[in-house]
2 protein chains.
Amino acid sequence: MSLIGYYWLMSFDRDHVLHAAADLLTRKATATMEEVARAAGISRATLNRHFTGRDALVRALEELGIAKCEAALEAARLEEGAAAGAVRRLVREIQPCAGLLTFLYSENQLFEGEKQNAGWFRIDERLTGLFRRGQENGEFRIDLSATWLAEALYGLLAAGSWAVTEGRVARNDFTHMIAELLLGGATRRDGS
Amino acid sequence: MSLIGYYWLMSFDRDHVLHAAADLLTRKATATMEEVARAAGISRATLNRHFTGRDALVRALEELGIAKCEAALEAARLEEGAAAGAVRRLVREIQPCAGLLTFLYSENQLFEGEKQNAGWFRIDERLTGLFRRGQENGEFRIDLSATWLAEALYGLLAAGSWAVTEGRVARNDFTHMIAELLLGGATRRDGS
DNA sequence: TATCGATGAGTCATGCATGTCTCACTTGAG
DNA sequence: CTCAAGTGAGACATGCATGACTCATCGATA
């Protein structure tokens, strides 16, 4: 039987472990490897067999976060229709992994010296491109740079994710709160 | 000579140490006590004499952050004039301690189980009150809760502080970027 | 000048997370 | 049934940050 066959024999479910780790680390970024293992329902030995060290685990979570983020970018069809609509679709699609992104966002400062994953650069590019497109077709104001709008979206996702887990805002309002604030701001206007 | 007199004889400058620690920990949240001491220009022994343990240091930084934040709230004269103007004044006043606030904001999750400083509650109250005032006098939209607007301000301050240290936005644009996005959003309108 | 208090440098013990290892047990394939 | 692979539990050594301690030095006061 092939190695691939053996892979499916293992009770170790890499995807499940990664998601459990993401869930826990999102809430408690300083959780120990033992806590992560317990949250995933496996032993610390097994966790260490598949992720040699905390770094490897965080790197794997980074890959997962990038993959989910890029999937959300795809699903949101950023090039389609009005930029504002694309932003709303993006926020809705990205909501499930907002917690993970927030964790990785705060963890990234630890990797500052080292080279960081090129995936974030790709995501930045597409996101910034979306806002730039909105500026060029007259939808978005140009006194706020596209770079800043992308950074602001990250910040609002983090704040929204945090506010939801703290119970300060309802989970169902997540998309609306973030997208509408980013797009329309706090000031009252004709349509609101 | 009184004990107060002796205090001024010491070469230990508590305020200077706290600010140096804030500067360093804002950039590298995992800095060791030795790194903090070196950044403050004192020895690790002296640092430990005045702050028994990392907790005590973080608590002191929390007090400093709260004090600076409340000073900014005072200087911004939140009750005066239009709510939008008050928000702009607040962002401008709070800019110098945005980095410290971001650090404390991310550090707070470590204290989740324990009782947290009542100062943050007071600040939350005043901030939420400002947004509520704006909603009640018709300046701000009411479909975004005042609580969320306050949380969003925290998130934007963190994102802005991070973006500035990363060199993605100019320090001089900090106030404008944050205040205008929070107030007006990304969508273009008559006055922009 | 003599003294008291504070600092700096260094050392030591402790606690904790981490990574590796061994051994017994379970499970599925042959 | 037998065997191989993977897992769980535990033990073990390691590295590192931390906190407490000692001792020599410096500075200001009396």
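So you know, we letter chains A, B, ... as the sequences are listed, proteins then strands, and number each from 1.
In this structure, the CG atom of A:Leu47 is 17 Å from the P atom of D:dG6, given to the nearest Å. Nucleotide C:dG19 holds its C1' atom 15 Å from the NE2 atom of A:His50, rounded to whole Å. The distance between atom CZ of A:Arg49 and atom P of C:dC21, rounded to the nearest whole Å, is 11 Å.
Comparing the axis of the opening five pairs of the helix from C:dT1-D:dA30 to C:dG30-D:dC1 with that of the closing five pairs yields an angle of 10°, rounded to 10°.
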Would you mind writing out the side-chain donor-acceptor pairs for residues 64-72 of chain B within the sub-3.5 Å range, not counting sequence neighbours?
residue: B:Lys68; atom: NZ; partner: B:His19; partner atom: NE2; Å: 3.4
residue: B:Glu70; atom: OE1; partner: B:Arg122; partner atom: NH2; Å: 3.4
residue: B:Glu70; atom: OE2; partner: B:Arg122; partner atom: NE; Å: 3.0
residue: B:Glu70; atom: OE2; partner: B:Arg122; partner atom: NH2; Å: 3.4

Would you mind writing out the side-chain donor-acceptor pairs for residues 168-176 of chain A within the sub-3.5 Å range, not counting sequence neighbours?
residue: A:Arg168; atom: NE; partner: B:Glu151; partner atom: OE2; Å: 2.5
residue: A:Arg168; atom: NH2; partner: B:Asp124; partner atom: OD2; Å: 3.2
residue: A:Thr175; atom: OG1; partner: A:Gln95; partner atom: OE1; Å: 3.2

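For A:Glu35, the salt bridge (Lys or Arg N to Asp or Glu O under 4.0 Å) partners at least two apart in sequence or on another chain are A:Lys28. Among residues two or more places apart in sequence or in another chain, the salt bridge (Lys or Arg N to Asp or Glu O under 4.0 Å) test is passed with A:Glu79 by none. In this structure, the side-chain hydrogen bond (donor to acceptor under 3.5 Å, both in side chains) partners of A:Arg126, at least two apart in sequence or on a different chain, are A:Glu74. Legend: residues meeting salt bridge (Lys or Arg N to Asp or Glu O under 4.0 Å) with B:Glu34, ordered by chain and number and at least two apart, are absent. In terms of the salt bridge (Lys or Arg N to Asp or Glu O under 4.0 Å) criterion, residue partners of B:Arg88 (sequence neighbours excluded) are, by chain and number, B:Glu180.
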Each nucleotide N or O in nucleotides 17-20 of chain D that has a protein N or O under 3.5 Å away: list the pair and distance.
residue: D:dT18; atom: OP1; partner: B:Arg54; partner atom: NH1; Å: 3.0
residue: D:dT18; atom: OP2; partner: B:Met33; partner atom: N; Å: 2.7
residue: D:dG19; atom: OP1; partner: B:Arg54; partner atom: N; Å: 3.3
residue: D:dG19; atom: N7; partner: B:Arg44; partner atom: NH1; Å: 3.1
residue: D:dG19; atom: O6; partner: B:Arg44; partner atom: NH2; Å: 3.0

